[in-house]
Number of protein chains: 2
Amino acid sequence: MKRRDFGQYCGLARALELVGERWALLIIRDLAGRPQRYTDLFEGLPGIPTNMLSTRLKELEQAGLVERRIAPAPQRGVLYDLTPAGHSLEPAIIALGRWGAGLLDAKPRPGDVLPPASVTMTLRAVFDAEAAAGLTATWEIHAADMVLYAAVTDGRLEAGVGPAPVDPDLVITFEPEPDDLPSYRSLIRAIKCGLVKVEGRRTLLDTFLRVFAPPQDAQVETSRTPPMGATADGTV
Amino acid sequence: MKRRDFGQYCGLARALELVGERWALLIIRDLAGRPQRYTDLFEGLPGIPTNMLSTRLKELEQAGLVERRIAPAPQRGVLYDLTPAGHSLEPAIIALGRWGAGLLDAKPRPGDVLPPASVTMTLRAVFDAEAAAGLTATWEIHAADMVLYAAVTDGRLEAGVGPAPVDPDLVITFEPEPDDLPSYRSLIRAIKCGLVKVEGRRTLLDTFLRVFAPPQDAQVETSRTPPMGATADGTV
DNA sequence: CCGAATCCGCAGTGATACTG
DNA sequence: CAGTATCACTGCGGATTCGG
């Protein structure tokens with residue numbers, strides 16, 4: 001398990017030595033949502049070989065970014081979780097994810113899956129801290145068989161996979177067309193078109209859009225740009 | 001040149017498909033400082049095989065992140081430069097670099113080199129925008145045979161490799177011990193110990209420290225932490 | 001069923017030599 | 001200077017198997 005290094009005294013090079021290998025950052029992103037078991041990770045990472053998943057987990061554990069522990073009574077089994085050092089990668093993951101989201105095709109490729117952790121990451125990436133100043137509210141989002149929450153406390157966001165830790169102020173239920181992915185984009189579109197069910201303080205739906213749907217998304221949705229070139233040139 | 005994809009409709013996965021392969025982000029970081037020729041890149045990336053450099057450059061060009069053009073009259077030759085889409089990666093690179101810098105050993109490993117682009121990236125990463133609010137000043141840093149500049153205009157930073165585009169307000173000259181790398185860390189340490197020559201408005205030296213040397217660096221320098229464990233556990 | 005280890009074929013990578 | 005060519009190597013992808 002020797003690690004090839006880049007021979008540079010540089011923060012970026014060091015970061016890439018630790019998490020630059022294939023699948024590593026995706027594993028960390030999935031764990032950032034919540035601790036997961038081996039099998040959960042395996043299913044959220046379509047195409048990853050089993051040996052690679054276990055190898056990466058061992059490397060990340062050795063690097064001090066991932067922690068392996070035995071799950072408590074109810075479920076049993078092995079749980080993988082991020083250490084504080086692993087969690088401190090979040091700003092970088094969000095920055096990379098935001099950049100890549102701008103280059104994403106308007107529609108998923110056939111066969112693409114949508115990891116729940118990816119949607120919460122997108123929520124964190126598009127979250128407009130200025131627009132949310134002073135705000136406190138909790139949303140829970142049900143999309144297909146996926147459950148997420150976003151909790152804003154005095155302008156600070158906490159987003160995660162699963163039901164909200166406290167009673168949500170508004171529950172948004174979004175049922176995409178069969179074989180349609182409940183991606184962040186289609187969720188926003190559905191909200192704007194009134195195609196979602198809501199339960200709770202309904203005025204928080206507009207608040208949600210204000211805080212989580214930046215203007216450029218609004219433009220993309222309203223201006224009917226051609227499917228291909230719209231977001232393909234890097235103008236985030 | 002077919003690209004393996006991750007099968008996820010996710011910004012992070014897309015980003016990694018584009019720039020996740022070995023050496024790619026380091027190439028982009030070097031180009032973020034200034035356009036470079038093939039040979040400059042090759043020398044700044046110790047150990048990269050020539051065929052890999054040319055392959056990566058072609059891939060990045062095809063992805064629309066890098067542009068290849070013929071240099072104008074004086075030097076001639078091929079110049080590689082970032083496109084706007086490539087430059088839009090900078091926030092993500094800085095975020096990753098900042099994270100990795102926290103895990104960097106206190107001293108370079110023997111044989112490590114120090115790409116100039118890495119130091120300017122570090123400057124951008126540690127730059128304290130709040131402390132610099134309203135400030136306007138230009139520094140030029142000579143360290144060993146490396147020349148960098150940092151220009152702050154009304155609190156906004158522009159840093160790059162080479163002499164400052166305008167007449168610098170302060171020139172800092174730092175001559176490290178032979179066989180010592182003029183890293184950001186040793187530069188800050190040298191300034192604090194008064195081991196640098198300055199030329200220009202000398203009061204801007206303190207300003208430099210205030211804007212570019214965050215408190216935790218000050219602590220690391222003063223508290224004489226043991227060489228190993230200090231920054232190795234991820235507590236940035 | 002969960003959490004892997006093992007084996008194989010191949011694509012991506014590394015080192016060197018060579019060329020327009 | 002700016003690459004291409006060659007070849008050995010290793011990490012990765014895919015499948016199967018194996019122990020709690």
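Here is the naming used below: chain letters follow the sequence lines, and residue numbers restart at 1 for every chain. Computed from a predicted model, the values in this text were never measured in an experiment.
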Inset, instruction - Could you check how far CD of B:Glu21 sits from C1' of D:dC12, rounded to whole Å? - result: 12 Å
Legend entry - N or O in side chain of B:Arg76 less than 4.0 angstrom from D:dA2 OP1/OP2: no
Inset, instruction - Considering just the side-chain nitrogens and oxygens of A:Lys58, establish if one lies under 4.0 Å of OP1 or OP2 belonging to C:dG3. - result: no
Legend entry - DNA chain C-proximal residues of residues 25-42 of chain B, any heavy atom under 4.0 Å: none
Inset, instruction - To the nearest Å, give me how far apart CG (A:Leu57) and P (D:dC12) are. - result: 14 Å
Legend entry - B:Tyr38 and B:Tyr80 aromatic ring geometry - parallel, tilted or perpendicular at 30°/60° bounds: tilted
Inset, instruction - For the pair B:Phe127 and B:Phe212, name the ring-plane relationship: parallel under 30°, tilted 30 to 60°, perpendicular over 60°. - result: tilted
Inset, instruction - Using atom CD of B:Glu61 as one end and atom P of D:dA2 as the other, report the distance to the nearest whole Å. - result: 14 Å
Inset, instruction - Quantify the bending of the helix from C:dC1-D:dG20 to C:dG20-D:dC1 as the angle between its end axes, each fitted on five pairs, to 10°. - result: 30°
Inset, instruction - Summarise how protein sits on nucleotides 13-20 of chain D as a single string, 5' to 3': B when a protein heavy atom is under 4.0 Å from the base, S for sugar-phosphate-only contact, - for no contact. - result: BBB-----
Legend entry - Qualifying residues under side chain to side chain donor-acceptor pair (under 3.5 Å), relative to B:Glu140, sequence neighbours excluded: B:His142
Inset, instruction - State whether A:Phe6 and B:Arg22 meet the cation-pi test: NZ (Lys) or CZ (Arg) under 6.0 Å from the six-membered ring centroid, and within 45° of the perpendicular axis. - result: yes
Inset, instruction - Taking side chain to side chain donor-acceptor pair (under 3.5 Å) as the test, write out the residues that go with B:Glu158, two or more places apart. - result: B:Tyr149
Inset, instruction - Quick one: which residue pairs count as a side chain to side chain donor-acceptor pair (under 3.5 Å) with a foot in residues 165-179 of chain A, not counting sequence neighbours? - result: none
Inset, instruction - Using whole Å, report how far CZ of B:Arg68 lies from C1' of D:dA2. - result: 8 Å
Inset, instruction - For B:Leu53 and C:dT13, give me the distance from atom CG to atom P, rounded to whole Å. - result: 13 Å
Inset, instruction - Would you please confirm or rule out a distance under 4.0 Å between OP1 or OP2 of D:dA2 and any side-chain N or O of B:Ser54? - result: no
